[in-house]
Amino acid sequence: MDQAIADQVFDIVAKHGDLDRATLTPAATLKDLGIDSLEAIETIFDVEEHFNINFPNQDPNLDDGTLAGLISSVEQALALKASAAPAA
C-alpha cells in the first residue's frame, strides 16, 4: 500500500465523515465510520476527482468495502491510467 495515496484517501474520508483523521485504519469500512450511502458516493466522487481517475462502472458495495480496498482501487486506477498514457 502506497502510504502517500493512503494518506490522501484518509484525508478525503475524514473530511467527508467529519472524523478525526488519526482514528482511520485500513481495515475500517465507510459503514463502520458512520458514513451513509449518499455520503459514501460523494466520497468516492471526491477520491476520483482528487486523483483524476475514474473507477470502473460497477456497483461496488460501499458499505462493506474497507479503506484498504478503496486505496487499492485508487492504486489500480492510477496504474491503468499511467499505462494508457501515450509515451512522450
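Keep in mind that the numbers below use all heavy atoms, side chains included, and drop hydrogens, waters and symmetry copies. The structure presented is a predicted model; accordingly, all values stated were derived computationally and were not measured.
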Who passes side-chain hydrogen bond (donor to acceptor under 3.5 Å, both in side chains) against N54, sequence neighbours left out? none
CG of L70 to OG1 of T43: how many Å apart, nearest 0.5 Å? 9.0 Å
Side chain to side chain contact (heavy atoms under 4.5 Å, CB included) involving A4 - partner list, sequence neighbours excluded: D2, Q8
Neighbour count >12 (heavy atoms, 6.0 Å) for atom CG, D18: no
If only atom types and distance count, is the side chain of E42 paired as donor or acceptor with the main-chain N or O of H16 below 3.5 Å? no
Hey, could you give me the CG/CG distance between D11 and L24, rounded to the nearest 0.5 Å? 8.5 Å
What pair of heavy atoms forms the shortest contact from L78 to F51, and how long is it? CD2-O, 3.8 Å
By side chain to side chain contact (heavy atoms under 4.5 Å, CB included), A68 pairs with (sequence neighbours left out) M1, P26, T66
Nearest heavy-atom pair of A27 and D32: which atoms, and what distance? O-OD2, 4.4 Å
Heavy-atom distance under 4.5 Å between the side chains of L67 and L33, does that happen here? yes
Are F10 and T25 close enough that some pair of their side-chain heavy atoms sits under 4.5 Å apart? no
When you compare the side chain of K81 with that of N52, does any pair of heavy atoms fall below 4.5 Å? yes
Looking at K15 and D46, what are the two nearest heavy atoms and their distance? NZ-OD2, 3.5 Å
If you measure from the Lys or Arg side-chain nitrogens to the Asp or Glu carboxylate oxygens, is any gap between D7 and R21 under 4.0 Å? yes
Looking at I35 and A40, what are the two nearest heavy atoms and their distance? CG2-N, 3.6 Å
Going from CD1 on I5 to OG on S73, what distance comes out if it is rounded to the nearest 0.5 angstrom? 11.5 Å
